[in-house]
Amino acid sequence: MAHNEAWPRAIILVDMNAFFAAIEQRDHAEWRGRAVAITNGLTGTCIITSSYEARAQGIRTGMRLREARRLCPDLIQCPARPGRYAEVSTRIMAELRSITPDVEVFSVDEAFLDVTHCQRLLGPPEQIARLTKAAVFKASGLLSSVGVSGDKTTAKYAAKLDKPDGLTVIPPWEARARLRDVPVTELCGIGPGIGAFLAARGVVTCGDMARLPIGVLAQRFGNPGRRIWFMAQGADPEPLRPDVPPPKTIGHGKVMPPDTRERDVIETYLLHMSEKVAARLRRHAMSAQHFSIGLRSRDGWLGERAQSTRPTHDGRVIMGLCRAMLAGQWRGQGVYQVQVTALDPRRAASQLTLFDDETAQGPSSNAAMDAINDRYGEFTLAPARLLNRSNMPNVIAPAWKPFGHRQTIQDAAADKTGG
Amino acid sequence: MKFAIEREAILKPLQTITGVVERRQTLPILSNILLSANGQGLSMTATDLEVEMIARLPTDINEGGDITLPARKMVDICKALPEGAIIDLTYDADKERATLKSGRSRFNLTTLPVSEFPNIDEVKGVFSFSVPQSVLKRLIDKTSFAMAQQDVRYYLNGLMIEVDNGVIRAVATDGHRLAVCEHTADVSPGEKIQVILPRKGVLELSRLLTDEDTPVNITIGNNHLCVTLGEYTFTSKLVDGKFPDYQRVIPRNSDKLVIADRERLRQALVRTSILSNEKYRGIRIHLEDGLLQAQANNPEMEEAEEEIEVDYTGPELDIGFNVGYLLDALNAIDTAHVNIAFGDANSSCVVQPEGDSGCTYVVMPMRL
């Protein structure tokens, strides 16, 4: 079979190597070639990620700083700068879009590109992959690992094979053979649970999958099960998802000082989270009517699902629900975590109402507050009580995206103001 | 207690009243129905503490008494017995068990103490009147679809019944659309009476009524509404709340009047709705001389367009609606033509059957 023709499908996965640590090493020339560990502020004790030099000495994500220092005494602790990472990620993703509009931002440091339709313009997939690496470098000065294949799962598997700064091509017609001896749990999306289910049916490597009837997976896992069957054979049918799907929930939580018993302090945390949830709902022109409000004590979560009169994106209304929860559920016991989540965020009501007394959308001062905070940073303007809010910095979630509701960290301004 | 009754005589009343019984109960007694037998026959009562329904059957009673029996099991057994079966019920007070026998079938049922069975206080009538049951059914069926469901404004989760001199009116709204239906009636309460019947009561009452012209007697008390129809008595608690001023939201001077063939418009909207956003169901309506266009698109960027000829001579108008609300109104109308009066793109429209039918539907638009 001659393979000079275009691939029927060509998918590229770009994975930034040790993304946060690489940014810090690029921004701080003196840290290059050294073991760097990123923590949440200087108060955070858990390692979020680390440089390749640190990894070589056994440092792992999730490790406690104290333990890491034992392994690597000259480890450099670097407080995370989520705003900076968001900024670099945004720039990289924008540059990738100059190659193809079909980009799925998979996480803050990973993206899929569907280049099927660029082959005539840009050449064979391997050449486009080189362009991709160059684009990442141009946008950020960072190295990346790139996998190229005919489907998302194989491309992601390929990118893992050569790190850092790798480029691995698995042509679609070789995918099945290349995966044959790979354990199924190596594939993205097959966790230990599904792995055990498959192992019990004699499927350990991807090559074993063909012997298992697809119906067995479909019956247990539905359509995702069918997808797994195809994935293992180098034929993942999953298309790219360039749009961020609408959120199922929008929530914020925070850890409080251990055994907090002062009503005032708890209310300040609840207000802080209420205002964050409300501002985020407003930023995406959404409202919600059902909220889950929780406080974590040593005996577990207490809290409730609360319902507002009308869909709302006003922090005061959400805080009202928090107060009701506090009055009804909290008996003065020590708590150490708060969570406020909008359970049914939807596009703010475009349906007009008959009785005007029910426009519980909140005062227009919210719009002024949002405009100021967009420009000068989160909580530049906020209820006075939030002067006493927690100064633990915001954390960037792996699911962060440069646009849409997952853009929880906006830009460098957010770092200066803290959470 | 001991009596025998034909399956056909007991099955329908039993099914009618057990609609009231909730499937999931916190109080075990509410899963049961109360059976009372005496010289006048058998009476059966079901309740959920809010709605109570009683059916009375004239039948020969061998031995009187009161017992309670599991409602659903009783219905299922009677339903599953062959046509024409004679059902024989006896109660053994020592064992607190009832035995239901029919032919060679035999069922032993648990009972719960009659004293636990809640009964709604006697309704102190404030005002009583009679209307043909078809009128009451029509008032409910033309409006009840617009009631809210589980709205925090609990007074919207029901049907407002208004009795004024010479007229009885039903009004339902969920805050987005409103349905009003009125009918002349020989009533003179002096002062206007407004009560809100809770959603479940409305649905159960509608099930009870038929299109016949036999009279129903309606008694409105301070906290209850009671309807007597032949051998049935329906009693419901009232919602304690103030219904919004519906008169205020019925636009009186919408100038853009459209007259359309109801069925053609309905079918066009049904087809358009297929490609509207499943969650918000928004469609765009465009009006111009003699023409109504409906257009919808969904998140997949698919698009539907319909065009129908209508009687319209006003200026062009573009307005968005939840297509479900328009269809609900069109479905409730039974005339060949329908009149729709629009204001501007941010004002509600009024949908009415042709002629003077007493029904009015108000739908608020969506911003598109």
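Here is the naming used below: chain letters follow the sequence lines, and residue numbers restart at 1 for every chain.
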Which atom of B:V249 lies closest to which atom of A:L354, heavy atoms considered: CG1-O, 3.3 Å
Value for OG1 (A:T309) from CZ (B:R153), rounded to nearest 0.5 Å, stands at 8.5 Å
Surrounding CD of B:E191 (heavy atoms of other residues, nucleotides or ligands, distance under 6.0 Å), is the total greater than 12? no
Looking only at heavy atoms, what is the nearest atom pair of A:Q351 and B:M364, with distance? NE2-O, 3.0 Å
B:Q295 meets the side-chain contact (heavy atoms from CB on, under 4.5 Å) criterion, sequence neighbours left out, with B:R284, B:N297, B:E303, B:E305
At their closest point, which heavy atom of B:H176 faces which heavy atom of A:L352, and how far apart are they? CD2-O, 3.8 Å
Should we count CD of B:E300 as having more than 12 external heavy atoms under 6.0 Å? yes
Going by heavy atoms in the side chains, are A:R310 and B:D151 under 4.5 Å from each other? yes
B:D245 to A:F355 - nearest heavy-atom pair and separation: O-CE2, 4.3 Å
Sequence neighbours excluded, which residues qualify as salt bridge (Lys or Arg N to Asp or Glu O under 4.0 Å) partners of A:D151? none
Take atom NZ of B:K200 as the centre, draw a 6.0 Å sphere, and report whether it contains more than 12 heavy atoms from other residues, nucleotides or ligands. yes
Note: vs chain A, highest number of non-hydrogen pairs under 4.5 angstrom among B:P365, B:G282, B:P244 is B:P365
With chain A as the partner chain, list the residues of residues 141-149 of chain B whose heavy atoms fall under 4.5 Å from it, by residue number, and write 'none' if nothing qualifies. none
Which of residues 321-333 of chain B have a heavy atom under 4.5 Å from any heavy atom of chain A? B:N322, B:Y325
Residues, nucleotides or ligands: over 12 heavy atoms within 6.0 Å of A:R120 CZ: no
B:N346 atom CG, neighbour heavy-atom count above 12 within 6.0 Å: yes
Can you confirm whether A:R385 is buried at CZ, in the sense that more than 12 heavy atoms of other residues, nucleotides or ligands lie under 6.0 Å from that atom? yes
